[in-house]
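A, B, ... follow the sequence lines: proteins, then strands. Residue 1 opens every chain. Everything numeric here is computed off the predicted structure, so don't read it as measured data.
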There are 4 protein chains.
Amino acid sequence: MNLNFASDNTGPVAGPVMDAMVAANAGGTMPYGADPWMDEVRDGLRSLFDWPEAEVLLVSTGTAANALALATLVEPWEAVFCHRLSHVEADECGAPEFYTGGAKLVLVDGEDAKMAPEALDAAVSRTGGSVHGVQRGAISLTNVTEAGTIYTLAELDVLCSYARELNLPVHLDGARFANACAALDCSAAEMVRGADIVSFGGTKNGCMGVEAIVMRDPSKGWQAALRRKRAGHLWSKHRFLSAQMAAYLRDNLWLENARAANAAGQRLAQGLRTIGAEIVHEPAANMIFARLPAEAHHRAQKEAQYYLMDDQERPLCRLVCDFTKTDKEVDRLLELFAG
Amino acid sequence: MNLNFASDNTGPVAGPVMDAMVAANAGGTMPYGADPWMDEVRDGLRSLFDWPEAEVLLVSTGTAANALALATLVEPWEAVFCHRLSHVEADECGAPEFYTGGAKLVLVDGEDAKMAPEALDAAVSRTGGSVHGVQRGAISLTNVTEAGTIYTLAELDVLCSYARELNLPVHLDGARFANACAALDCSAAEMVRGADIVSFGGTKNGCMGVEAIVMRDPSKGWQAALRRKRAGHLWSKHRFLSAQMAAYLRDNLWLENARAANAAGQRLAQGLRTIGAEIVHEPAANMIFARLPAEAHHRAQKEAQYYLMDDQERPLCRLVCDFTKTDKEVDRLLELFAG
Amino acid sequence: MNLNFASDNTGPVAGPVMDAMVAANAGGTMPYGADPWMDEVRDGLRSLFDWPEAEVLLVSTGTAANALALATLVEPWEAVFCHRLSHVEADECGAPEFYTGGAKLVLVDGEDAKMAPEALDAAVSRTGGSVHGVQRGAISLTNVTEAGTIYTLAELDVLCSYARELNLPVHLDGARFANACAALDCSAAEMVRGADIVSFGGTKNGCMGVEAIVMRDPSKGWQAALRRKRAGHLWSKHRFLSAQMAAYLRDNLWLENARAANAAGQRLAQGLRTIGAEIVHEPAANMIFARLPAEAHHRAQKEAQYYLMDDQERPLCRLVCDFTKTDKEVDRLLELFAG
Amino acid sequence: MNLNFASDNTGPVAGPVMDAMVAANAGGTMPYGADPWMDEVRDGLRSLFDWPEAEVLLVSTGTAANALALATLVEPWEAVFCHRLSHVEADECGAPEFYTGGAKLVLVDGEDAKMAPEALDAAVSRTGGSVHGVQRGAISLTNVTEAGTIYTLAELDVLCSYARELNLPVHLDGARFANACAALDCSAAEMVRGADIVSFGGTKNGCMGVEAIVMRDPSKGWQAALRRKRAGHLWSKHRFLSAQMAAYLRDNLWLENARAANAAGQRLAQGLRTIGAEIVHEPAANMIFARLPAEAHHRAQKEAQYYLMDDQERPLCRLVCDFTKTDKEVDRLLELFAG
């Protein structure tokens with residue numbers, strides 16, 4: 001039984017994705033993206049997002065996707081507005097600063113890792129204007145958030161309308177894009193309707209290592225391609241990136257996997273509530289933050305893996321369900337906690 | 001029949017490597033390099049290079065490996081001395097400049113893409129000293145070179161001794177490291193005896209996308225790990241990088257594949273000579289540059305893939321054999337050329 | 001009558017400084033710092049700070065001094081901890097990010113633009129550790145602060161001791177270093193006793209455009225010199241930087257000017273209180289933030305210059321006294337406000 | 001007698017320039033370029049260049065002017081084509097790489113430090129195209145060159161026409177712009193007719209430290225202003241930069257000084273020929289490279305300053321005349337050489 005709840009990236013590659021990689025290994029194919037699967041991926045994402053002109057680039061990590069996306073949006077002397085818990089701020093060792101040539105991440109507060117519109121406005125208002133401060137660049141949102149919560153479509157609309165009014169482009173960090181769609185039961189096109197560039201994640205949801213940078217406006221596509229090459233993220237055997245993403249998009253695999261992961265997450269959250277755990281953020285998808293009695297944690301950690309976020313009397317645990325988690329595995333974890 | 005001679009990166013993933021990736025997919029494993037295959041890789045490369053303390057980091061492209069390696073060696077105001085045909089200068093869209101924060105690649109001449117010692121000395125002598133010019137940083141060598149030629153161990157020793165005298169670290173771009181070892185019939189340890197940091201390539205020789213940065217002195221290992229993360233090159237599902245490299249090192253697969261590729265290359269070179277092609281550089285491994293009659297090229301290109309380097313009366317063609325090229329495939333290409 | 005209270009940089013060059021520049025113009029002198037006045041400056045600052053080994057570099061702006069100083073202290077993947085109102089964060093258009101290669105400024109709260117020790121500790125505690133976040137770099141303090149307030153020596157000691165415990169170097173932004181010394185009636189050596197590198201300002205206090213970067217430990221002096229050159233901040237006619245700073249240090253001019261500026265500032269603050277202005281921060285030196293009745297502001301702005309920080313019912317005005325401000329000028333401004 | 005022939009930057013500030021700085025010290029003036037002299041400078045340079053829309057920014061060093069200018073023209077993944085002896089390549093410690101975020105300086109050969117058109121074309125032809133190499137950015141010319149030679153207007157036209165055909169912007173490093181105009185007896189407008197951005201030097205020709213970045217097309221003016229601030233090159237007491245440049249432009253001081261310097265240079269060159277020195281490049285302005293008998297050098301160096309470029313049997317000496325050099329001083333140097 002696999003009781004690894006540490007992250008969705010501890011999970012396996014989905015069968016159809018692995019099969020596609022094996023299949024792509026037959027015969028010689030031209031390198032650097034001139035492979036047939038890339039055409040399928042481009043068409044697939046354009047259609048999914050309803051962005052008919054979109055430029056699509058594949059890279060192998062989410063940090064690369066985010067940093068490259070932001071670099072196409074902001075100048076070195078501009079600000080990226082993001083939540084202080086966002087991945088770009090907290091978990092990428094300064095990759096956005098590296099790729100943008102030193103842009104400044106301006107932190108925005110808000111409950112549950114979601115930017116509050118008034119906090120965003122306050123942050124934006126403090127920038128720009130004279131030559132002495134950094135200028136306004138872009139807004140970066142994350143859905144599902146790093147707290148496992150979710151922006152509703154209406155909430156996204158509010159932030160994206162604000163951005164549009166100020167002529168600020170919007171980046172959507174979609175490392176868990178599929179989980180957000182599944183949770184909101186909305187289409188990908190609805191999810192991206194206010195965005196300009198999306199990091200569309202595959203790695204956490206059944207791929208081996210592939211993320212798509214999807215640019216609504218293709219005019220910066222060549223620049224992005226050069227930035228990707230210059231960053232060492234252009235694969236020579238690119239077909240193994242495209243084959244993953246093609247398989248992920250086929251037959252709604254991306255959505256099915258996310259639904260499975262979310263269902264496991266919701267079962268886990270429900271179970272945790274019944275055993276007296278304190279759920280810290282309202283878990284909308286497959287990631288739960290919960291405070292548990294210390295003895296529950298001590299019991300469980302001998303058999304199960306997950307991250308401990310602090311070491312207080314009731315320690316805060318992060319529990320993530322990948323798309324393979326079975327009811328049995330979830331229930332076993334709950335048993336361990338319950339004692 | 002696979003007549004793709006465009007590059008070794010058009011070739012497939014070797015069976016044992018693909019099998020290892022499939023095997024690594026079973027069960028959950030901790031992310032970011034905390035997987036058992038990484039231990040095997042680290043031990044394997046330390047032993048192969050006879051560098052018992054070496055730090056090893058895996059990335060998915062050769063450009064990333066080179067640029068990260070150079071960034072650990074030079075400051076932004078320092079020079080990297082390299083041949084003007086080297087991959088770091090000519091084929092990476094400025095990745096070394098990006099990763100180092102703007103170091104200068106100082107170009108060194110020499111026949112057959114190999115630095116001439118006196119040209120290196122002249123270039124080095126023009127740098128350093130006052131605050132007005134860039135300072136001396138590191139020397140970057142490539143073996144097999146981008147011209148398909150090879151530095152002998154004695155030639156490497158001359159350049160590396162010079163570097164040591166001046167206290168300049170040596171980077172070895174080993175995108176075709178295995179082919180060089182196979183061609184020289186030397187050990188990996190002999191190949192790296194004068195080097196400080198090596199980009200040990202897997203992608204061109206049977207892997208899907210993995211290169212090892214091997215640092216003789218581990219003291220900059222943490223810095224390199226941070227740089228890798230910051231560049232978006234730390235894989236969450238890292239086990240699929242380590243599994244590739246582990247399989248590549250097992251049972252001398254790296255060397256066997258290179259021997260096969262080199263043998264095909266030599267067969268092709270020999271055949272080309274017999275049909276009146278002009279071999280431009282002495283082909284030492286699996287890459288041949290040849291001038292062919294225009295009609296030979298026109299005949300062949302309908303069925304075979306390879307790069308055309310210029311469009312002169314006798315066009316210059318680059319022909320690369322990957323490790324799977326059979327005698328039959330080579331002979332068919334020769335037939336096409338011969339008409 | 002000069003009623004320009006906009007900034008201390010609207011003030012003139014002090015007589016002895018201008019005289020020294022004129023004097024330095026006689027005869028040819030070798031460029032780039034090989035001038036006799038630079039020796040005087042170096043000796044003077046070493047003695048003033050009681051840092052016998054210190055390396056000293058001159059540049060022409062405070063932003064350059066701060067950014068170069070920070071670049072010698074932190075790696076691109078490290079954090080600079082600073083107050084959110086600090087000049088490096090708010091008024092340099094991202095110069096620290098540019099010079100450091102993308103380091104992250106981590107903001108620390110605290111009243112009156114002074115870092116609260118517990119807020120600093122909280123910020124520091126959130127960084128470092130794993131490869132995913134930025135690492136701990138340096139602490140940057142400003143005295144006099146951007147709010148016109150002052151860290152006492154005891155307050156500096158608390159922050160600097162904390163830094164030393166964690167082995168974090170301390171940068172002191174001393175754009176108004178002299179005003180701080182004058183206000184605290186302490187020596188320069190006392191002011192820098194916990195610091196590692198100081199931006200010692202001249203421009204705001206009687207020089208034309210010169211700031212000294214003073215490095216307690218000279219081991220990074222050569223690196224700093226290369227960074228300065230590479231940034232275009234090494235003057236060929238360097239003697240005109242050194243002559244300014246030499247004159248500024250001679251006969252305690254730096255301190256005398258600051259005392260004069262502070263005295264004017266205190267007279268102004270006292271007067272403002274008597275006419276019902278709300279002093280926003282406790283003004284310790286020559287810069288006052290005050291809320292005034294709107295009509296007072298409207299009356300004064302026809303004749304006097306100063307910055308308006310907001311446009312509320314009682315607008316917030318920033319009033320700065322340079323070292324030349326006379327009692328008469330201060331009193332005239334007060335008259336204008338009083339109506 | 002001033003026998004310092006080391007560089008034009010060892011010379012003094014011209015009287016009218018120093019007077020203007022002293023005059024600018026009277027009264028308070030708003031900072032950061034909002035001073036009346038800046039208006040005069042902007043108008044003056046627009047008129048001089050016949051660039052009615054030009055944006056003008058002042059900085060205090062030539063390296064800053066060049067690096068900022070290039071940063072507005074090229075992306076980080078682009079090439080700057082320049083002569084291998086150019087200041088941007090050889091004498092700025094990598095400032096262009098720093099400011100551009102890692103652009104590549106692609107070196108072009110040519111006699112007398114002047115790019116040969118065919119060498120430029122060859123260099124340009126090797127760049128651009130695929131994503132693997134750096135892209136074409138800008139061309140940087142220097143007039144007077146670092147060898148003391150001069151591009152004629154016709155030679156400039158050839159290079160600039162080539163640039164225009166390829167849509168590559170042209171930067172003109174005019175550290176000795178005035179000397180070039182004086183030598184060619186042409187107008188400033190003629191000199192810049194093919195250029196897009198000019199570093200118009202003041203420092204070497206009678207100013208203390210000021211260079212103008214003049215942008216024909218003002219559309220990148222705001223970007224350039226932000227870059228300048230971010231680099232720490234925006235002076236708070238900016239009036240002392242503008243006052244210098246205003247005085248330099250008034251009454252053709254810039255041209256008169258250059259004529260004087262060139263006349264001294266020509267007298268020196270003529271004298272050197274008569275005493276058997278080997279003039280290495282055809283000296284067109286105020287800088288002479290000459291091989292002298294070793295004993296001549298040994299005699300002279302006790303009394304006179306100049307740079308020794310090598311230490312061969314007949315050492316190569318660089319002799320530069322600033323605008324104050326008198327016939328007597330030149331003749332005394334010649335006497336010392338002649339023995």
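For chain C, no part of D19(D) is nearby; none of its heavy atoms comes within less than 4.5 Å. In this structure, the portion of L234(D) lying under 4.5 Å from any heavy atom of chain C is its backbone and not its side chain. If you measure heavy-atom distances from S7(D) to chain C, you find no contacts under 4.5 Å at all. At a 4.5 Å heavy-atom cutoff, the contact between A6(D) and chain C is made by side-chain atoms alone.
Ring pair F177(C)/W254(C) is tilted by interplanar angle, where 30° to 60° counts as tilted.
Checking D173(D) against S199(D) by side-chain atom types alone, no donor-acceptor pair falls below 3.5 Å. E211(C) and T203(C) share a side-chain donor-acceptor pair at under 3.5 Å.
Salt-bridge formation is detected for the pair R332(D)/E303(D): a Lys NZ or Arg NE/NH1/NH2 atom is positioned less than 4.0 Å from an Asp or Glu carboxylate oxygen. Ion pairing between D327(D) and R267(D) holds under the 4.0 Å rule for side-chain N and carboxylate O.
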Discussion item. Set out, in order, the CA-CA distance, both residues' side-chain angles and the distance that settles ring-ring contact (aromatic ring centres under 6.0 Å, His included) for F337(C) and Y306(C), then state yes or no.
Written reply: CA-CA 12 Å; F337(C) 283 138; Y306(C) 50 84; 5.7 Å; yes
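Contacts with chain C were tallied for D322(D), T324(D), N9(D), T63(D); N9(D) has the most, counting heavy-atom pairs under 4.5 Å. Among E92(D), H233(D), H238(D), the residue with the largest count of heavy-atom pairs under 4.5 Å with chain C is H233(D). With chain D as the partner, the residue from R230(C), M18(C), K229(C), M208(C) showing the most heavy-atom pairs under 4.5 Å is R230(C).
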